[in-house]
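No experiment lies behind these values; they were computed from the predicted model shown. Letters A, B, ... are given to chains in the order of the sequence lines, protein chains preceding strands, and every chain is numbered from 1.
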There are 4 protein chains.
Amino acid sequence: MHFRETQVIYLQIADYVCEKILLGQWPPGERIPSVRDLGVELEVNPNTVIRTYDFLQQRAIIFTKRGIGYFAADDAVTQIKSYRRDQFFATELPVFFRTLYLLNIDLTEIEQRYDAFVKAEFN
Amino acid sequence: MHFRETQVIYLQIADYVCEKILLGQWPPGERIPSVRDLGVELEVNPNTVIRTYDFLQQRAIIFTKRGIGYFAADDAVTQIKSYRRDQFFATELPVFFRTLYLLNIDLTEIEQRYDAFVKAEFN
Amino acid sequence: MHFRETQVIYLQIADYVCEKILLGQWPPGERIPSVRDLGVELEVNPNTVIRTYDFLQQRAIIFTKRGIGYFAADDAVTQIKSYRRDQFFATELPVFFRTLYLLNIDLTEIEQRYDAFVKAEFN
Amino acid sequence: MHFRETQVIYLQIADYVCEKILLGQWPPGERIPSVRDLGVELEVNPNTVIRTYDFLQQRAIIFTKRGIGYFAADDAVTQIKSYRRDQFFATELPVFFRTLYLLNIDLTEIEQRYDAFVKAEFN
DNA sequence: GTGGTCTAGACCACC
DNA sequence: GTGGTCTAGACCACA
């Protein structure tokens, strides 16, 4: 049996980087760790980090200055949210809908529970 | 770095068993593989399979006849759905709600997309 | 820790003998196995069997003919029931009452369940 | 001959734990011995204690805080009584009824003796 | 053969 | 340190 596989590493590192930025530990506009440093820190091959940084750069979450390093974008937080929204609508939501259908759960029940959730969490 | 953890084995096996039953490959009321056989098939210790079977028996999805073996319950499919609903409301839904909140996504947008999803999938 | 101890052996053998008589496998008035034979059969010291037979003879469930052997009494079944009644009232019933008290269970609930039990078992 | 079997160890330990709680030696809401400590005290493998604690946790008699230990539930006493009532009705009462039937004892006699018992014990 | 209990010991995550 | 998972292997009762 192949037990459930974990996500590919470079995407997990992408999440890790986004988390750092969202938490303000790596502030927008400022330099983030070098490919080599982050590779050492996460005990991962530098090439894997390069792939992560490439991925994030394509999404305008970070950018590079040649010979200097990588930087968090000024609007990194916005970009991360946008990226996550895309991911959410593209992959998570269909799975969610499929589950609703399979378990015969009505959307109205979700709405009711959401109201309760909002009241409980953010009051 | 600890990369994303995978679920514990005995619960993955529980999902595996439920899947078999849901697909009708292990019909309700009939005998399912012995702990030893399934252990060999999944390359897992029989004790781990026992733990899975114990877990499923407590949820009335399977039952045991001593000296004979384990059997899928007559209403196993119903019980599995009930179990999954519990799991859904207890763990998946809160994560979903948190995502909605963090990404500033409105429930009304979910509803619209759900209507589209239903039309696309089941018409 | 001393885990729960089992009853002394000679009394367990007494139960074994009574069972045989009640089931008609050792008919009233007829000879029952010798001390030695039963000792071999149960893998127990003959002295232990002697203690059992002594115990049962005092309760008129079996009797001995010197030089011949032990016999089940003609009214062995009656005597066994009488013996068990004594045991029941002396030891089991107080424990039962104590449990009722500790668990706040009312006798009327017992009566109701008894009616249900009788209907289910002996109809 | 197989002499009367003793209850499995992990359930005996469960009784032992319940007793401690009922007697107030392990007060509700407070930490109870670790699986390793209790294992040493009772000369039993820690895994067996884990099994006991698992069993009791499923019945909401104790609960766990990861990395800290197990605790007696606030309403542990209530839960224990509830658990014992279930056990009483499921296993002890049928045996009791069967005995009544086999010995031709009438329920009215039980009632009379119960009145006497109550007067003797709690007056 | 089946399930079920128990031991011994390794390794992990959490605090 | 704590609980929790998993393995390996022994032994038992039941059928």
Check: Does a donor on one side chain sit under 3.5 Å from an acceptor on the other, for C/E92 and C/Q87?
Finding: no
Checklist line | Nucleic acid contacts - residues 58-68 of chain B versus DNA chain E, non-hydrogen atoms under 4.0 Å | finding: B/T64, B/R66, B/G67, B/I68
Checklist line | Check: D/V95 main-chain N/O paired with D/T99 side-chain donor or acceptor under 3.5 Å | finding: yes
Item checked: Stems formed with participation of DNA chain F [Watson-Crick or G-U wobble, under 3.5 Å, three or more pairs] -> E:1-14 with F:1-14
Next item on the list: Tell me, please, which residues at least two apart from A/Q25 pass side chain to side chain donor-acceptor pair (under 3.5 Å).
Entry: A/K20
Notebook entry, point to check: Parallel, tilted or perpendicular: which fits the ring planes of A/Y10 and A/F55, with parallel below 30° and perpendicular above 60°?
Noted result: perpendicular
Notebook entry, point to check: Which parts of nucleotides 5-11 of chain E does protein reach within less than 4.0 Å, heavy atoms only, written one letter per nucleotide 5' to 3' as B for base, S for sugar-phosphate only and - for none?
Noted result: BBBBB--
Next item on the list: Tell me, please, which residues at least two apart from D/Q57 pass side chain to side chain donor-acceptor pair (under 3.5 Å).
Entry: none
Checklist line | Validation row, ring centre B/F96 to ring centre A/F96 under 6.0 Å | finding: yes
Note to self: Expressed as a whole number of angstroms, how long is the span from B/Q57:CD to E/dT2:C1'?
What the structure shows: 14 Å
Check: Would one find more than 12 heavy atoms of other residues, nucleotides or ligands at under 6.0 Å from atom CZ of C/R85?
Finding: yes
Notebook entry, point to check: Atom CG of B/L22 and atom CD1 of B/I80: how far apart are they, to the nearest 0.5 Å?
Noted result: 4.0 Å
Notebook entry, point to check: Which residues pass the side-chain contact (heavy atoms from CB on, under 4.5 Å) test with B/L102, sequence neighbours left out?
Noted result: B/R98
Margin query: Run B/Y70 and B/F63 through ring-ring contact (aromatic ring centres under 6.0 Å, His included) and show every step you take.
Written below: CA-CA 6 Å; B/Y70 277 94; B/F63 64 93; 8.7 Å; no
